[in-house]
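Position 1 is the first residue of the sequence, and the numbers go up from there.
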Amino acid sequence: AEDASARYAKAAKQWAKASADVAAVSMLEDLHTLAWTFPHDRKLPALALVADGAWAAAAVPQLVRGRWGAAYRARQISHTIQGYFPEHSCTFSEKIILSPVYGVGERFWMLFGKLHADDAGAASFTNMRTLWESPARHRGLVSYARPLAYDAQHHVLWQEGITGTTLDHA
């Protein structure tokens, strides 16, 4: 109980300014446990940024330039949290309508971001690039999501969405 109380005191002090409406962390005395209010997570400090959507929207123009060059601009972005595993990861998507800088015709683009508690996304990004450049993918034998970027500061891996059936539903 003393350990949980000490952890609570530390967390409450750290997150005191997080929200005026709801406490970021609460102590469940009978269980000797701390309960965190989403999007506050002690091991995912960037979760509040990712959950908000504004941070991702600010990252999109650079991702658009990296993928499409100067030919397109994001006109509309729809942000969705796809999954959250407390103290481990959060997966989110950005459904984007791209408009050409010159000419007509829109393009729809789906991005996924995965926030990690550690640097696991960096290794995933490296492995994804290797698979993306593989002869099997170039020959059309397999399909992979295109790796777009890794944000080391926030531990976010960005990848392009792909169409098809997931292995869970195959």
- Quick one: do S89 and L115 satisfy side-chain contact (heavy atoms from CB on, under 4.5 Å)? Show the steps, please. CA-CA 5 Å; S89 64; L115 168 68; over 6 Å; no
- Message: Go through it in stages, so that I can follow the logic: the residues are T91 and F85, the test is side-chain contact (heavy atoms from CB on, under 4.5 Å), and I'd like the CA-CA distance, side-chain angles, deciding distance and then a yes or no.
- Response: CA-CA 9 Å; T91 302; F85 183 19; over 6 Å; no
- Could you check D41 against Y84 for side-chain contact (heavy atoms from CB on, under 4.5 Å), going step by step and ending with a plain yes or no? CA-CA 11 Å; D41 189 311; Y84 171 56; 2.5 Å; yes
- Item | Pair R73-L98, side-chain contact (heavy atoms from CB on, under 4.5 Å): steps then yes or no | CA-CA 5 Å; R73 290 205 175 108; L98 297 171; over 6 Å; no
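Considering every non-hydrogen atom in both V156 and G113, the closest pair reads CG1-CA, 4.4 Å. Scanning all heavy atoms of the two residues, the minimum distance from I97 to F108 falls at CG1-CE2, 3.4 Å. When all heavy atoms of A59 and W158 are compared, the pair lying nearest together is CB-CZ2, 4.0 Å. Considering all non-hydrogen atoms of both residues, E87 and A117 come closest at O-CB, 3.7 Å. Closest heavy-atom contact between L157 and S124: CD2-CB, 3.9 Å. Minimum interatomic distance between S99 and E106 (heavy atoms only, all atoms of both residues): OG-OE2, 4.0 Å.
Side chains of D119 and H155: a donor-acceptor N/O pair is present below 3.5 angstrom, by distance only.
Around atom CD of Q62, no more than 12 heavy atoms belonging to other residues, nucleotides or ligands sit under 6.0 Å away.
No donor-acceptor pair closer than 3.5 Å links the side chain of S134 to the backbone N or O of T130.
Atom NZ of K114 and atom OG of S93 lie 13.5 Å apart (nearest 0.5 Å). Note that CG of D151 is 9.5 Å distant from CG of L49, once rounded to the nearest 0.5 Å.
By the rule that hydrophobic residues join a cluster once side-chain heavy atoms approach within less than 4.5 Å of another member, F38 and L44 end up as members of one cluster. By the criterion of side-chain heavy atoms lying less than 4.5 angstrom apart, applied directly or through intervening Ile, Leu, Val, Met, Phe, Trp or Tyr residues, I77 is grouped together with L63 in one hydrophobic cluster.
With sequence neighbours excluded, the residues satisfying side chain to side chain contact (heavy atoms under 4.5 Å, CB included) with R146 are R67, W132, L148, E160. For A145, the side chain to side chain contact (heavy atoms under 4.5 Å, CB included) partners are M128, Q159, I162, not counting sequence neighbours.
When side chains are defined from C-beta on, H79 does not count as touching K95, because their heavy atoms never get closer than 4.5 Å. Contact of the V142 side chain with the Y144 side chain is registered, since non-hydrogen atoms from C-beta on lie closer than 4.5 Å. Using a 4.5 Å heavy-atom cutoff, the side chains of Y72 and W109 are not in contact.
Between W55 and F92, the two ring planes are perpendicular [angle over 60°; tilted spans 30° to 60°].
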